[in-house]
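Before any comments, here is the structure.
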Amino acid sequence: MRNIAIIAHVDHGKTTLVDQLLAQSGVFRANEATTERAMDSNDQERERGITILAKCTSVLWNGEAGETRINIIDTPGHADFGGEVERILGMVDGCVLLVDAEEGVMPQTKFVLTKALKMGLRPILCINKVDRAHADPDKVHNAAFDLFAAIGATDEQLDFPHIYASGRAGWATMDLNVPNDNLAPLFDLIVRHVPEPKQIAKVDAPFQILNVLIEADPFLGRLLTGRIESGKAVPGMAIHALDRDGKEVERGRITKVLAFRGLRRQPVDEAEAGDIIAIAGMSKATVADTLCALDVTEALPAQPIDPPTISMSVSVNDSPLAGKEGDKVQSRVIRDRLLREAESNVAIKVTESTEGDAYEVAGRGELQLGVLIENMRREGFEVSISRPRVVYQIDPETGKRLEPMEDVMIDVDDEFSGIVIEKLSQRKAELKDMGPSGAGKTRISLIAPSRSLIGYQGEFLTDTRGSGVLNRVFSHYEPYKGPLDQQRKGVLISNSDGETAAFALWNLEDRGVMFVGAGEKTYLGMIIGENARGDDMDVNPMKAKQLNNIRASGKDEAVRLTPPRRMTLEQAIAYIEEDELVEVTPKNIRLRKQVLNPSFRKRRVKEE
């Protein structure tokens, strides 16, 4: 048996490689319909083309060393979902580090490798996508070695094996001069290099498992996944759950033991130490709890998780259109859903805000919080969301405020490098390195405050004509850099309730860009567009054309509206200012002012 994780930067081909590993190990029947990126089972994962949750699968490989069961964990590549990577590395004995042969070592590669080396794992370097036009496997191999050395790998970890592969084409080879048409060399390398679980020796000890993943099943209830550290798991066995401090959380019986077999979980009669399984039967036990035999009183040590860096307020939707599209609108229901998320996702923290009916949700980045809100929206929730804020810390020695800094790596066409550096310098970013990356592109490395990058993605794509790629990952905390002098344009605000009229919007087009089309519901205080100037303006988007017997309706020029700018949830969250909210319902995403009434709003500005 072997337990491995596949770790890499986003889009370096982890899930595609797992597809081929599953196919070539005989998991699918000859006539079975298979989907691309089979591990990305979640709706949002399929739509966005990214992995959000770490997932386990298992294959049987019959190779040089005979028949071996390999448990494979596919992990997310985005820094926002780094908490998934941190907690599953404790379940495995080895990992395959994937690096794109063209893009090379990226910020998230450094993050996941640092965590793996800290756990004492000895990674296998897999240089993927070697069949790309501008691939340079030798350069990437040297860059990976430098990264291992810079992070502080031991001599044993520095002696890592490497293999070349094309995940999409489904082949791997130890030597590029020796062509191959399957992944057998990668399977055999995993079996040779990754040790079998040490836990196998403790098969006769009392049962213990550290819970790492949690999910709900409509038939079995709460499913807790982890690796058995000692003993055997048998259905019907009496166990109890201990928290990190060794206090008993609950007692119960194992109702089902589920082992991973290909993409499915199958009930088994017995599972032994070293295997990765899911257990049903407990109702309160959660992530980082130890499930064990009744005579065990000590909890297993759980991996510490990096603290969140960004937070935002989630509150009840109190707009005039509240409750018309969603069915889950009460603060109690919103609170229960957020706490349920925080329980299963250890990188998210939920606290009650000082304002009534609002909750502070802290996470790793805008994308992670955006995915949570999008899931809630699809479940029928209506909520209001504030602008994201960074989570500051206080230096215990000096008492000064510290802010999170991020490593930023940008690949951009040579002609746009000047504007990118200029914009980020204004946002207090510091240039670390810059150089050509081939094919007319420049690679720029910077270190920037997290708060300066909130809302920058849209501006970056505009500046680079959509061709730039920006990657960022949390680095460390530094003393506060001072206020930023970035200024967004003002907004156009509706001054009454009703439905927008095409004639009114046509007249307002000279004022700026519209966010709404004709015939849409608006209300007092709702943001309907962006002002071309720097100040906010209250406008009337419902003013219809006055018809009388002198002016016939068809004589004037026909009203032709420019299509409105429709924002995605992430774009809306990044766009708003401190005094604004995003109203999220199952059917619409609207922007609004926190204080809807304009006279109250002006009074509040005077007071401040």
Derivation of the side-chain contact (heavy atoms from CB on, under 4.5 Å) call for N3 and M91: CA-CA 7 Å; N3 295 325; M91 283 205 294; over 6 Å; no
Measure the shortest side-chain to side-chain distance between I209 and I228 over non-hydrogen atoms and say whether it is less than 4.5 angstrom. yes
Distance-only, no hydrogens or angles: does the S230 side chain make a donor-acceptor pair with backbone N or O of P206 under 3.5 Å? yes
Side-chain contact, heavy-atom cut-off 4.5 Å: I124 with L189? yes
Check whether any side-chain heavy atom of Y359 sits under 4.5 Å from a side-chain heavy atom of E352, and report yes or no. yes
Could you note down all residue pairs passing side-chain hydrogen bond (donor to acceptor under 3.5 Å, both in side chains) where residues 277-300 supplies at least one of them, sequence neighbours left out? E250-S283
Criterion salt bridge (Lys or Arg N to Asp or Glu O under 4.0 Å) against E215, the qualifying member of R222, R265, K55: R265
Answer with yes or no whether the side chains of D131 and W171 bring together a donor and an acceptor at under 3.5 Å. no
State whether the number of non-hydrogen atoms from other residues, nucleotides or ligands found under 6.0 Å of D175 atom CG is greater than 12. yes
Check the surroundings of atom CG in D155: do more than 12 heavy atoms from other residues, nucleotides or ligands lie under 6.0 Å from it? no
Working to the nearest 0.5 angstrom, can you tell me the gap between K14 NZ and L98 CG? 7.5 Å
Report yes or no: do T309 and R364 form a side-chain donor-acceptor pair below 3.5 Å? no
Going by heavy atoms in the side chains, are I52 and Q44 under 4.5 Å from each other? yes
Using a cut-off of 6.0 Å, state whether more than 12 heavy atoms not belonging to K115 lie near its atom NZ. yes
H476/F474 under ring pair (Phe, Tyr, Trp, His ring centres under 6.0 Å): CA gap, chis, key distance, verdict: CA-CA 6 Å; H476 60 283; F474 169 72; 7.6 Å; no
side-chain contact (heavy atoms from CB on, under 4.5 Å) evaluation trace for C292 with H240: CA-CA 6 Å; C292 51; H240 64 165; 3.5 Å; yes
Checking K256 side chain against P267 main chain: does a donor-acceptor pair fall under 3.5 Å? no
Would you call V178 and M174 a side-chain contact if the rule is heavy atoms closer than 4.5 Å? no
Smallest heavy-atom separation, V130 atom then A135 atom, equals O-CB, 3.7 Å
To the nearest 0.5 angstrom, please state how far the CG atom of L117 sits from the SG atom of C95. 7.5 Å
Evaluation steps, side-chain contact (heavy atoms from CB on, under 4.5 Å), between M376 and I334: CA-CA 9 Å; M376 290 175 67; I334 293 168; 4.3 Å; yes
Heavy atoms only: give me the nearest A172-N180 pair and the separation to one decimal. O-ND2, 2.7 Å
Would the number of heavy atoms belonging to other residues, nucleotides or ligands and lying under 6.0 Å from NZ of K110 be above 12? no
Just by distance, no angles: are the side chains of Q199 and E229 close enough, under 3.5 Å, to form a donor-acceptor pair? yes
Give the minimum heavy-atom separation between L176 and P137, together with the two atoms involved. CD1-CG, 3.8 Å
For residues F260 and C56, report the shortest heavy-atom separation together with the two atoms involved. CD2-O, 3.5 Å
Between the CG atom in L213 and the CG atom in L224, the distance rounded to the nearest 0.5 Å is 10.0 Å
In short, G370 meets I573 closest at the heavy-atom pair CA-CD1, 4.5 Å
Identify whether the distance between the nearest side-chain nitrogen and carboxylate oxygen of E341 and R335 falls below 4.0 Å. no
Can you say whether the rings of F160 and F145 are parallel (under 30°), tilted (30 to 60°) or perpendicular (over 60°)? tilted
Verify, without hydrogens or angle tests, whether Q20 (side chain) and L17 (backbone) share a donor-acceptor contact under 3.5 angstrom. no
Would you say L21 and W61 make side-chain contact, with heavy atoms under 4.5 Å? no
Please check this pair: side chain of D395 against backbone of G399, looking for a donor-acceptor N/O pair closer than 3.5 Å. no
Trace of the side-chain contact (heavy atoms from CB on, under 4.5 Å) decision for L89 with T75: CA-CA 10 Å; L89 285 175; T75 62; over 6 Å; no
Applying side chain to side chain donor-acceptor pair (under 3.5 Å), can you list everything that pairs with S450, at least two apart in sequence or on another chain? E406
A side-chain contact here means heavy atoms from C-beta on lying under 4.5 Å apart; do I254 and V234 qualify? no
Could you tell me whether R377 and E374 make a salt bridge, using a distance below 4.0 angstrom between a side-chain N and a carboxylate O? yes
Test H9 against every option in T109, N471, D100 by the side chain to side chain donor-acceptor pair (under 3.5 Å) rule and name the one that passes. N471
Using a strict cut-off of less than 4.0 Å between a Lys/Arg side-chain nitrogen and an Asp/Glu carboxylate oxygen, indicate whether E366 and R472 qualify as a salt bridge. yes
Is the side chain of D245 donor-acceptor paired with the backbone N or O of K247 at a distance under 3.5 Å, no angle test? no
Ignoring hydrogens and geometry beyond distance, is a side-chain donor-acceptor pair present between S313 and E360 at under 3.5 Å? yes
Here the gap from E343 atom CD to L338 atom CG, rounded to the nearest 0.5 Å, amounts to 13.0 Å
The residue among T225, I277, L220, V268 that forms side chain to side chain contact (heavy atoms under 4.5 Å, CB included) with L258 is L220
Would T68 and R2 count as a side-chain hydrogen bond (donor to acceptor under 3.5 Å, both in side chains) here? Give the steps. CA-CA 7 Å; T68 312; R2 301 289 185 272; 5.7 Å; no
Between OG1 on residue T173 and CG on residue L183, distance to nearest 0.5 Å: 11.0 Å
Can you tell me how far CD1 of I276 sits from OG of S58, rounded to the nearest 0.5 angstrom? 8.5 Å
With no hydrogens and no angle check, is any side-chain donor or acceptor of Q157 less than 3.5 Å from a backbone partner on L121? yes
Donor-acceptor under 3.5 Å (N71 side chain, D275 main chain): no
In terms of heavy-atom contacts, P123 and H193 come closest through O-NE2, 3.8 Å
State, with a plain yes or no, whether a side-chain heavy atom of I4 is found less than 4.5 Å away from one of I70. yes
